[in-house]
Amino acid sequence: MSTGTKTPPRPATARSSAPGQAPPQRGRAGVPVRRPLEHRPVHSSLICAAAPALVISPEHGQLRGEGLDGFYDRGKRVLARCQLHLSGQEPVPLQGRMVSARQARFLAAARTPSDSGPDPQVTVERLRSAEGTERITVRSHAPRPLRIPVELRLGTDLATLGAIAVGAPGTELTPAVHVSGLRWTDHGAHVTVTARPGPDTAWASAGVLQWDWHLDPGESRCIVLGIELHEPEHESRTRLHSGSPRTEVGSRGTQADDPASWGSFRAESDDVRVHRLLRTSLDDLGALLLRDTESPSDLHLAAGMPWRCSLAPAESLRAARMLLPLGTGLAAGTMRTLARSQYAGRGQDNGKIPGALRRTGPGAVPSCTGIEATLLLPTLLAEARLWGLPERDVEGLLAPVERCLRWMLKASDGGVFLPDPAPDGPYRCEVQAQAHRAAVLGSELLDTCGRQGGSELRDWAGELRRNFAGEFWRDDPGGGRPLALLSRTGAWDSHLGSAAVELLDTGLSPKGQMAPGMLDQVRTAQLARLLGGPPLDSGWGLRSLGTGEDGHNPFGHRTGAVRIQETALAVAGLSAAGYEKEACSLLRGVVDAAEAFGYRLPEMYAAEQRTEGSAPLPHPAACRPSAVAAAGAVYLLATLAGVRPDVPAGMVVVRPVESAPLGALRLSGLRVAGEPFAVRISRLGMAMVEEAAEGLHLSS
């Protein structure tokens with residue numbers, strides 16, 4: 001390899017404004033007019049994930065350093081530009097598609113001086129992996145030998161994803177020649193790109209690697225790039241692909257094996273889309289797995305890519321709960337990881353799980369996700385025990401759960417309703433439902449484990465149920481509805497949104513029963529009617545805010561968009577309550593939407609009303625892949641089987657959705673008591689268990 005003496009290629013020109021962003025506008029007297037920062041759209045990008053690494057690519061495959069494009073590791077862009085030129089020209093893009101959650105494939109045709117017609121004689125394939133590699137293969141179909149100069153233009157800024165997302169990327173760094181590639185350094189961190197075979201020429205000043213190839217007819221040649229990030233605190237880390245979570249999972253012989261067994265989960269259905277939706281969702285979930293640095297055996301899910309590449313307490317717990325039919329190891333790892341972050345000391349937050357604030361819809365102050373996580377922890381442990389979490393793991397998590405429950409009782413401040421955020425209110429409908437579920441399931445858990453406090457929790461839950469019936473429901477000529485918000489002064493807001501599904505998500509109780517909720521039979525029927533009506537059922541899933549409500553926006557995260565996790569909870573809750581017509585309509589809508597999104601469901605999408613020939617609209621800032629979306633898809637399919645275990649009691653109840661909305665269905669590779677479980681559902685909604693652990697009593 002030589003550095004060359006001829007004139008180097010012209011380096012990329014610095015931009016006066018961020019790529020894809022208009023220059024600052026000038027107001028009076030030339031003063032810049034500041035515009036609010038906006039996240040760049042990613043809905044059309046191909047996002048490969050191998051948490052905590054990812055790569056974002058446009059469909060044509062050329063990384064030009066524009067927008068969010070590039071390789072990332074731990075939130076830092078390690079390679080922004082990777083532009084390929086053959087014979088001095090960019091190849092003509094033909095196709096870009098996802099091969100798996102971790103890898104994308106780009107095909108292009110290259111024009112050469114010897115071309116005599118419109119038919120391409122040279123093709124290029126680029127296999128790009130989030131684990132830090134790219135394989136470039138050039139194939140010649142020409143009838144005679146060809147000389148093809150190959151050039152790669154590379155560059156990076158080592159900027160953070162957060163800065164790039166709002167249009168504030170860093171200045172491109174100047175590289176140096178490094179072994180068989182290039183190296184960039186900034187504030188102690190350095191990135192190397194190594195090429196195999198090494199280039200014939202490297203231009204450090206321009207960030208260019210060059211090869212001079214001669215290809216015979218039918219011959220192909222490859223370049224393999226490896227991207228490495230080295231930081232002072234991570235000197236032991238080498239390539240991004242050196243230890244992906246999915247690969248490491250199978251090396252352990254404990255409950256951490258559960259995610260490794262996801263591949264054994266199969267769904268066979270009359271609806272051929274079911275298999276593709278399941279495989280894609282499981283692939284996404286595997287790519288989002290992370291290990292707790294304090295305890296590497298504990299796994300949890302990153303919330304989603306590209307915006308939330310780390311643990312998010314509420315979302316990670318919710319995803320783990322929806323994946324209980326596939327095993328309890330992920331739930332145990334997630335709970336242990338969050339228990340280590342639990343507030344200690346004697347303050348008012350003692351026992352609470354930390355969490356961020358987030359918007360919660362019209363007319364409401366931001367909600368603390370830590371409250372949702374704190375209420376989910378007891379629910380998840382109680383249900384995981386019923387699915388077969390080993391007693392030693394249950395015992396190790398009882399103390400954190402007891403602290404969560406004590407915080408809940410204390411935060412109610414002598415009253416019954418739980419304010420959010422405490423202690424100033426308001427009282428939210430969904431928080432009361434979550435608190436009631438935590439109290440009911442928590443009391444059962446403490447009683448069966450021989451701990452104190454179950455009686456107090458049952459009394460508190462009963463008082464909450466009675467007060468909710470009197471104060472959180474407003475009758476009207478249409479049959480009434482639950483309030484969304486209630487203030488301490490008595491003011492209330494009755495906007496109707498998807499958060500109300502929490503009232504139907506009562507939780508799994510012993511003996512295969514669903515726990516009691518806060519609504520009586522009449523009000524449950526009314527809520528089912530509301531959830532199944534056109535204001536909330538968009539035809540593609542459940543809207544987060546009904547049409548006709550003040551502030552409705554079909555793209556609004558909390559004001560109208562479809563959110564997969566809430567739709568999945570609605571389908572499960574409606575089915576369990578006996579309202580299969582409404583549940584099946586929502587289920588079919590999500591499956592249809594999944595097909596439109598290539599079976600990789602985003603965390604949310606626009607909820608414009610479905611019409612003949614229409615398609616769901618992507619949200620430009622939605623995570624995709626998303627933990628709660630992928631787990632929600634798995635949960636929807638598991639809901640159809642209606643498996644309700646009580647492993648400590650040695651029994652499993654199977655109550656499938658009788659209307660069989662996706663036709664005949666067979667689910668295998670479920671995990672009950674840590675053993676495989678398979679069930680077949682006929683077109684008439686009849687269930688037959690085909691595989692189960694020895695000693696389990698089966699009933700319907």
Side-chain angles (χ1 to χ4, degrees), residues 47 49-54 72-76 101 130 160-162 165 233-234 237 240 243-246 248-249 252 255-256 258-259 262 284-324 326-344 349 351-358 367-381 384 393 396-397 400-401 403-404 564-565 603 622-632:
I47 302 177
L54 72 153
Y72 294 82
D73 185 23
R74 300 189 297 274
K76 184 171 292 187
T160 64
L161 176 60
E233 65 272 28
H234 295 285
R237 182 175 173 86
L240 302 181
S244 70
R246 188 68 176 270
E248 293 179 355
V249 169
R252 286 175 163 77
Q255 284 293 320
D258 281 342
W262 289 348
D284 280 351
L285 289 165
L288 292 172
L289 280 172
L290 291 170
R291 295 192 181 279
D292 184 6
T293 55
E294 293 187 30
S295 178
S297 63
D298 288 337
L299 299 174
H300 59 267
L301 287 167
M305 302 289 187
W307 313 118
R308 309 174 73 195
C309 310
S310 60
L311 173 74
E315 286 81 354
S316 298
L317 282 170
R318 191 178 289 277
R321 183 183 177 217
M322 290 191 288
L323 293 172
L324 281 174
L326 303 191
T328 59
L330 178 66
T334 304
M335 287 188 285
R336 283 193 291 261
T337 298
L338 286 172
R340 284 187 281 271
S341 72
Q342 197 171 26
Y343 285 120
D349 286 335
K352 182 181 172 185
I353 303 296
L357 294 178
R358 67 180 175 195
S367 169
C368 177
T369 59
I371 292 178
E372 182 181 356
T374 305
L375 300 176
L376 268 171
L377 198 66
T379 294
L380 182 55
L381 182 60
D393 293 323
L397 286 163
V401 162
R403 289 193 290 269
C404 288
I564 298 299
Q565 59 170 316
E603 63 173 324
C623 285
R624 186 168 175 254
S626 160
V628 290

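These figures come from a predicted structure and were not determined experimentally. We number each residue from 1, following the sequence as shown.
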Student: Search all heavy atoms of Pro313 against all heavy atoms of Pro354 and return the closest pair with its distance.
Tutor: CG-O, 3.3 Å

Student: Less than 4.5 Å apart, any side-chain heavy atom of Leu311 and any of Leu290?
Tutor: no

Student: Between Leu285 and Leu289, is a side chain to side chain contact (heavy atoms under 4.5 Å, CB included) present by the stated rule, with each step listed?
Tutor: CA-CA 7 Å; Leu285 289 165; Leu289 280 172; over 6 Å; no

Student: Would you compute the distance between atom SG of Cys404 and atom CD1 of Ile371 and round it to the nearest 0.5 angstrom?
Tutor: 12.0 Å

Student: Any side-chain heavy atom of Thr334 sitting closer than 4.5 Å to one from Leu301?
Tutor: no

Student: Rounded to the nearest 0.5 Å, how far apart are CZ of Arg308 and CG of Leu288?
Tutor: 11.5 Å

Student: Please check: side-chain N/O of Gln342 versus main-chain N/O of Pro400, any donor-acceptor pairing under 3.5 Å?
Tutor: yes

Student: Among Leu380, Thr374, Thr379, Leu381, which residue meets the side chain to side chain contact (heavy atoms under 4.5 Å, CB included) test with Val401?
Tutor: Leu381

Student: Quick one: OG1 on Thr337 to CD on Glu294, what's the gap to the nearest 0.5 Å?
Tutor: 8.5 Å

Student: Measure across Leu161 and Pro306 and return the closest heavy-atom pair with its distance rounded to 0.1 Å.
Tutor: CD2-O, 2.7 Å

Student: What is the distance from atom CZ of Arg318 to atom CG of Leu323, rounded to the nearest 0.5 Å?
Tutor: 12.5 Å

Student: Kindly compute the distance separating CD1 (Ile564) from OG (Ser626), expressed to the nearest 0.5 Å.
Tutor: 8.5 Å

Student: Calculate, to the nearest 0.5 Å, the distance between atoms CG and CE belonging to Leu376 and Met335 respectively.
Tutor: 11.0 Å

Student: Measure across Ala130 and Ala53 and return the closest heavy-atom pair with its distance rounded to 0.1 Å.
Tutor: O-CB, 3.4 Å

Student: With a 4.5 Å heavy-atom cut-off, do Arg291 and Leu299 have their side chains touching?
Tutor: yes

Student: Closest heavy-atom contact between Ala287 and Ala49?
Tutor: CB-O, 3.1 Å

Student: Can you tell if the side chain of Arg340 reaches within under 4.5 Å of the side chain of Asp292, non-hydrogen atoms only?
Tutor: yes

Student: Which atom names give the shortest non-hydrogen contact between Trp262 and Gly286, and what distance separates them?
Tutor: CZ3-N, 4.0 Å

Student: Is there side-chain contact between His300 and Leu338, with at least one heavy-atom pair below 4.5 Å?
Tutor: no

